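Scroll down for the structure; my scribbles are underneath it.
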Amino acid sequence: MKNNIEDLINQAINKLQQQGMLDASLQPNIQVTRTRDVAHGDFASNIAMMLSKPAGKNPRDLAQALIDALPDNEHVHKVEIAGPGFINFFIHQQTTLDIIRTILERGDRFGTSEVGQGEKVQIEFVSANPTGPLHVGHGRGAAYGATVGSLMRAVGYDVDCEYYVNDAGRQMNILAVSVWLRYLQQLDVSITFPVNGYKGDYVLDIAAELVNKYGGVYAHEAKQVMNGIPADEPDGGDKEIHIDALIERTKLLLGDDGYRVMFEAGLDSILADIAEDLEEFGVHYDVWYSEQTLADRKLIEKAVQQLQDAGHIYEDKGALWFRSTSFGDEKDRVIIRDNGQATYFASDIAYHMDKFARGFHRVINIWGADHHGYVPRVKAAIKALGEDESKLDILLVQFAILYRGGERVQMSTRSGSFVTLRELREEVGNDAARFFYVMRKCEQHMDFDLDLAKSQSNDNPVYYIQYAHARVCSVLRQLAEKNMSHDIAAGNENLALLTESHETDLAIQLVKYPEVVEKAAVNAEPHLLVHYLRELANQFHTYYNAHQFIVEDDDIRNARLNLISAASQVIYNGLHLLGVSAPESM
RNA sequence: GCCCCGGUAGCUCAGCAGGAUAGAGCAGCCGCCUCCUAAGCGGCAGGUCGGACGUUCGAAUCGUCUCCGGGGCGCCA
């Protein structure tokens, strides 16, 4: 309808240009918006005010000229000039009510479209290091990424969701050592656990399984483990040096095979846990991409070589540097350390190179806001590799700050004192968690009050929306008890009977749904849908309180039941996109 | 020091490709169940849109400066 009106205005402008009232060279940017106030009709355009200056005419006079030039349209009921020169369009009520028929016909496909034209899009999100369970901070990225994926699919994009598994690098070595040391402790080897080790209970569980499976096969005496290892922090040493020495000692004592056992026990167990956690949260991935395979497939070397061939690499102090400053970064970055090891950045260049090689038209990375300093160098690398950087969008999700008892909850994976996503899900439920996480714009810091979320209180906005859906289901259930029926075809014939203001308001809200879904998808802003659904639920509840649906008059009853069925269908569709269930009774 | 995000009602936040009297939830106060679930509805009250200047017919929205809060700036990942 909006496009329709833009069309009409365009025709009017053309007509005035032909008549010489407007300069033919004007290329107006026609804006049509939905009005806030019903007194202003359904749609409004500011075109007359925008053209008033270049046309050298008073905006209200120009508006009148445009209105006179507007072609007739079956859906437009009335056009008015208002205020300083707005043109307000009033749509026929029947046109609005026809949306009910459309919704009931299209069912759960109502709101989907093809604007994405099947474009291949990759969304990578969460990608937390597999060194411990997901915590509530990851939950926001998970819910946000999954919802953006659903939204984009709904409007016709071909979406792949991907998790980048950081299964290589120092963190994983620290995990392997942590597992082994816990294993030794459980075999009563007296060892002080390093400050920098992973202290979470899950490491104890992994170690216990190893004890079960292998007994003392990988045991060594405390002396062998600790002799000659530089002191840890509490003993006046450096915790980083201490843990690195322990990694080397572990590799030495266990050999390659033994070390792999520790390494994989940690990785496999934690990754499986993460995958299960996300699946239970309704977050599905198409691809789990291993960082290790980049090295195995020599993609890192290839990426470095490609940059070198293009002349963007130089050597300094024994390391290889990428001249990222040539591409807008604030300083150059090391990609191969003086010890010959590739940096994480090098892997990431290779990873992004591979993303583009896989043929995505658009690549979306959803990162925690703490990675924002990393954005320029990744974009720099992409430019240096000759790729089109506009295909890469990096969306930064701000932290979810937890509050418990009015106090901020500190989180740290290493210390083991965090609230896990699983814990949150169990306490507030998947529906509330999914909903809360996408309620805010992603760049908005989020205060997540655990006490409030945990309390199964009525304040919970997700219940409010679900309740609207359940209420409609309940009404339809009652029909049978009252020996009455709902004839959808008859209802569609009688939509014109829906003349109450509550009914038109509700229908207008329903008309907006596809526009909201499209805008939420294109802008990656799920919160728009959340706000829309709240408003829709509110309009339904208001209608519910104002009028009876189960009435004796067959025509009115069928028409009203069609309207509320359509409303509940839209609520169902919207909640589904958010990954939230729509219960039939509550 | 540089960079990113935020500063709108008591609290948590929408609105920000400039537009017609700035919205919602919660909290507060007052009403509404002989009637399809009161997990609901209606009403009242509540705001110098952090501040200043600028652009504009018009600024919460755009620009510059400034103040406050959060985060980031490694041969870590």
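Letters A, B, ... are given to chains in the order of the sequence lines, protein chains preceding strands, and every chain is numbered from 1. Everything numeric in this text was worked out from a predicted model, so none of it was measured.
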Any donor-acceptor N or O pair under 3.5 Å, side chains [X], [Y]:
{"X": "Tyr198(A)", "Y": "Gln171(A)", "result": "yes"}
{"X": "Asp431(A)", "Y": "Tyr463(A)", "result": "no"}
{"X": "His541(A)", "Y": "Arg471(A)", "result": "yes"}

Tell which nucleotide pairs with [N], taking only Watson-Crick or G-U wobble pairs whose two distances are both under 3.5 angstrom.
{"N": "C53(B)", "value": "G63(B)"}
{"N": "G58(B)", "value": "none"}
{"N": "G42(B)", "value": "C30(B)"}
{"N": "C2(B)", "value": "G72(B)"}
{"N": "A24(B)", "value": "U12(B)"}

Atom [atom1] of [X] to atom [atom2] of [N]: distance rounded to whole Å?
{"X": "Glu443(A)", "N": "A14(B)", "atom1": "CD", "atom2": "P", "answer": "8 Å"}
{"X": "Arg36(A)", "N": "A22(B)", "atom1": "CZ", "atom2": "P", "answer": "10 Å"}
{"X": "Met49(A)", "N": "G58(B)", "atom1": "CE", "atom2": "P", "answer": "13 Å"}
{"X": "Met586(A)", "N": "G40(B)", "atom1": "CE", "atom2": "C1'", "answer": "12 Å"}
{"X": "Gln31(A)", "N": "A20(B)", "atom1": "CD", "atom2": "C1'", "answer": "15 Å"}
{"X": "Arg557(A)", "N": "C36(B)", "atom1": "CZ", "atom2": "C1'", "answer": "13 Å"}
{"X": "Ile81(A)", "N": "G19(B)", "atom1": "CD1", "atom2": "C1'", "answer": "16 Å"}
{"X": "Leu536(A)", "N": "G25(B)", "atom1": "CG", "atom2": "C1'", "answer": "16 Å"}

Checklist entry - Since syn is defined as within 90° of 0, does C29(B) count as syn or as anti? => result anti
Checklist entry - Does Lys379(A) use its side chain to pair, donor to acceptor, with the backbone of Ile394(A) at less than 3.5 Å? => result no
Checklist entry - Within the side chain of Asn365(A), is there an N or O that forms a donor-acceptor pair under 3.5 Å with the backbone of Glu124(A)? => result no
Checklist entry - Taking N and O atoms by type only, does the side chain of Asn523(A) place a donor or acceptor under 3.5 Å from a partner on the base of A17(B)? => result no
Pick base, sugar-phosphate or nothing for [X], based on heavy-atom distances below 4.0 Å to the nucleic acid.
{"X": "Ser347(A)", "result": "nothing"}
{"X": "Gln548(A)", "result": "base"}
{"X": "Ala44(A)", "result": "base"}
{"X": "Asn88(A)", "result": "base"}

Return no unless some side-chain N or O of [X] is found under 4.0 Å from OP1 or OP2 of [N].
{"X": "Asn538(A)", "N": "A24(B)", "answer": "no"}
{"X": "Tyr463(A)", "N": "G25(B)", "answer": "no"}
{"X": "Ser52(A)", "N": "C57(B)", "answer": "no"}
{"X": "Ser474(A)", "N": "U37(B)", "answer": "yes"}
{"X": "Gln539(A)", "N": "C41(B)", "answer": "no"}
{"X": "Lys441(A)", "N": "C5(B)", "answer": "no"}
{"X": "His527(A)", "N": "G15(B)", "answer": "yes"}
{"X": "Gln398(A)", "N": "C4(B)", "answer": "no"}

Checklist entry - Does the gap between the ring centers of Tyr144(A) and Phe125(A) come in under 6.0 Å? => result no
Next on the checklist: Under 6.0 Å between ring centres: does that hold for Tyr289(A) and Tyr351(A)?
Outcome noted: yes
Hey, what are the protein-to-nucleotides 8-12 of chain B N/O distances that come in under 3.5 Å?
from, atom 1, to, atom 2, distance (Å)
U12(B), O2', Arg440(A), NH2, 2.9

[X] vs [Y] aromatic rings, parallel, tilted or perpendicular, using cut-offs 30° and 60°?
{"X": "Phe345(A)", "Y": "Tyr374(A)", "value": "perpendicular"}
{"X": "His312(A)", "Y": "Phe327(A)", "value": "perpendicular"}
{"X": "Tyr544(A)", "Y": "Phe540(A)", "value": "tilted"}

Checklist entry - Of all the choices, U21(B), A20(B), A24(B), which nucleotide is nearest to the side chain of Arg534(A) once you look at every atom? => result A24(B)
Checklist entry - Do we see Tyr544(A) stacking on the base of G40(B), given a limit of 5.5 Å between centres and 30° between planes? => result no
Checklist outcome for this item: d(Asn538(A) CG, Leu506(A) CG) to nearest 0.5 Å is 10.5 Å
Next on the checklist: Protein within reach of the bases, or only the backbone? For nucleotides 72-77 of chain B, mark each nucleotide 5' to 3' as B, S or -, using heavy atoms under 4.0 Å.
Outcome noted: SS-BSB
Checklist entry - In terms of the nearest nucleotide of RNA chain B, which residue is placed more toward the 5' end: Asn545(A) or Leu476(A)? => result Leu476(A)
Item to check | Given His502(A), Glu500(A), Glu503(A), the one that forms side-chain hydrogen bond (donor to acceptor under 3.5 Å, both in side chains) with Tyr543(A) | outcome: Glu503(A)
Next on the checklist: Using atom C1' in both nucleotides, what's the gap between C2(B) and G58(B) to the nearest angstrom?
Outcome noted: 37 Å
